[in-house]
Amino acid sequence: MNLYEKMEMLRQFVRTHQWTVTLVIAGIVLSVLLFTIGLWRTLLLFAIVGVAGYFGMMLDRNGSDGVVRFFRDLFGRK
(Lines give C-alpha, C1' and ligand atoms only; values in the text may rest on other atoms or scores of the structure.)
Protein backbone atom coordinates (compact mmCIF):
# COMPACT_ATOMS: atom_id res chain seq x y z
CA MET A 1 0.00 0.00 0.00
CA ASN A 2 1.54 3.30 -1.06
CA LEU A 3 1.32 6.69 0.61
CA TYR A 4 -1.48 7.91 -1.66
CA GLU A 5 -3.71 4.96 -0.73
CA LYS A 6 -3.00 5.48 2.98
CA MET A 7 -3.90 9.19 2.72
CA GLU A 8 -7.10 8.31 0.86
CA MET A 9 -8.05 5.85 3.62
CA LEU A 10 -7.43 8.57 6.22
CA ARG A 11 -9.59 11.05 4.27
CA GLN A 12 -12.38 8.51 4.03
CA PHE A 13 -12.18 7.79 7.76
CA VAL A 14 -12.37 11.51 8.58
CA ARG A 15 -15.33 11.99 6.20
CA THR A 16 -17.15 9.04 7.77
CA HIS A 17 -16.43 10.03 11.39
CA GLN A 18 -16.09 13.83 11.13
CA TRP A 19 -17.77 14.67 14.46
CA THR A 20 -15.77 12.07 16.36
CA VAL A 21 -12.50 13.36 14.92
CA THR A 22 -13.48 16.99 15.52
CA LEU A 23 -14.52 16.42 19.14
CA VAL A 24 -11.45 14.32 19.93
CA ILE A 25 -9.21 17.10 18.61
CA ALA A 26 -11.21 19.68 20.59
CA GLY A 27 -10.84 17.53 23.71
CA ILE A 28 -7.09 17.27 23.25
CA VAL A 29 -6.77 21.05 22.76
CA LEU A 30 -8.96 21.71 25.83
CA SER A 31 -6.92 19.29 27.93
CA VAL A 32 -3.64 20.88 26.88
CA LEU A 33 -4.99 24.35 27.67
CA LEU A 34 -6.32 23.29 31.08
CA PHE A 35 -3.06 21.61 32.07
CA THR A 36 -0.79 24.39 30.80
CA ILE A 37 -2.59 27.66 31.58
CA GLY A 38 -5.23 26.58 34.10
CA LEU A 39 -9.01 26.65 34.33
CA TRP A 40 -9.67 30.38 34.70
CA ARG A 41 -7.31 31.46 31.94
CA THR A 42 -8.81 28.81 29.66
CA LEU A 43 -12.32 30.07 30.41
CA LEU A 44 -11.20 33.66 29.78
CA LEU A 45 -9.63 32.58 26.49
CA PHE A 46 -12.87 30.90 25.38
CA ALA A 47 -14.90 33.96 26.41
CA ILE A 48 -12.65 36.28 24.42
CA VAL A 49 -12.73 33.99 21.39
CA GLY A 50 -16.53 33.72 21.67
CA VAL A 51 -17.01 37.49 21.82
CA ALA A 52 -14.60 38.00 18.92
CA GLY A 53 -16.43 35.34 16.91
CA TYR A 54 -19.78 36.98 17.65
CA PHE A 55 -18.56 40.41 16.50
CA GLY A 56 -16.98 38.81 13.43
CA MET A 57 -20.30 37.18 12.60
CA MET A 58 -22.06 40.54 12.98
CA LEU A 59 -19.48 42.20 10.71
CA ASP A 60 -19.97 39.47 8.09
CA ARG A 61 -23.75 39.87 8.15
CA ASN A 62 -24.24 43.63 8.47
CA GLY A 63 -20.85 45.29 8.16
CA SER A 64 -19.83 47.92 10.68
CA ASP A 65 -23.47 49.07 10.96
CA GLY A 66 -24.31 45.85 12.81
CA VAL A 67 -21.66 46.48 15.47
CA VAL A 68 -22.67 50.14 15.84
CA ARG A 69 -26.32 49.11 16.19
CA PHE A 70 -25.37 46.50 18.81
CA PHE A 71 -23.58 49.06 20.99
CA ARG A 72 -26.31 51.64 20.46
CA ASP A 73 -28.90 49.12 21.63
CA LEU A 74 -26.70 48.04 24.53
CA PHE A 75 -25.80 51.50 25.86
CA GLY A 76 -28.57 53.64 24.37
CA ARG A 77 -31.34 55.24 26.36
CA LYS A 78 -34.33 53.09 27.08
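When the side chains of ILVMFWY residues are joined at heavy-atom separations under 4.5 Å, either directly or via intervening members, Leu74 and Met57 end up in a single hydrophobic cluster.
In this structure, Phe55 has its ring center under 6.0 Å from that of Phe71.
The list of side chain to side chain donor-acceptor pair (under 3.5 Å) pairs with a residue in residues 6-15, not counting sequence neighbours, reads Glu8-Arg11, Gln12-Arg15, Gln12-Thr16. Within the structure, the ring pair (Phe, Tyr, Trp, His ring centres under 6.0 Å) test picks out the following pairs touching residues 1-28 (sequence neighbours left out): Phe13-His17. Identified under the side chain to side chain donor-acceptor pair (under 3.5 Å) test for residues 36-65, with sequence neighbours left out: none.
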Taking only distance into account, with no hydrogens and no angle test, what donor-acceptor pairs under 3.5 Å do side-chain atoms of residues 21-31 form with protein atoms, sequence neighbours excluded?
unit_1: Thr22; atom_1: OG1; unit_2: Gln18; atom_2: O; d: 2.7
unit_1: Ser31; atom_1: OG; unit_2: Gly27; atom_2: O; d: 2.8

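Cluster partners of Phe35: none. The rule joins Ile, Leu, Val, Met, Phe, Trp and Tyr whenever side-chain heavy atoms lie under 4.5 Å apart, and it links nothing here. Residues Met1 make up the rest of the hydrophobic cluster containing Met9, defined by ILVMFWY side-chain heavy atoms closer than 4.5 Å, directly or through other members.
In this structure, the side-chain contact (heavy atoms from CB on, under 4.5 Å) partners of Leu3, at least two apart in sequence or on a different chain, are Met7. Partners of Val68 under the side-chain contact (heavy atoms from CB on, under 4.5 Å) rule, at least two apart in sequence or in another chain, are Arg72. For Leu45, the side-chain contact (heavy atoms from CB on, under 4.5 Å) test picks out Leu33, Val49, with sequence neighbours left out.
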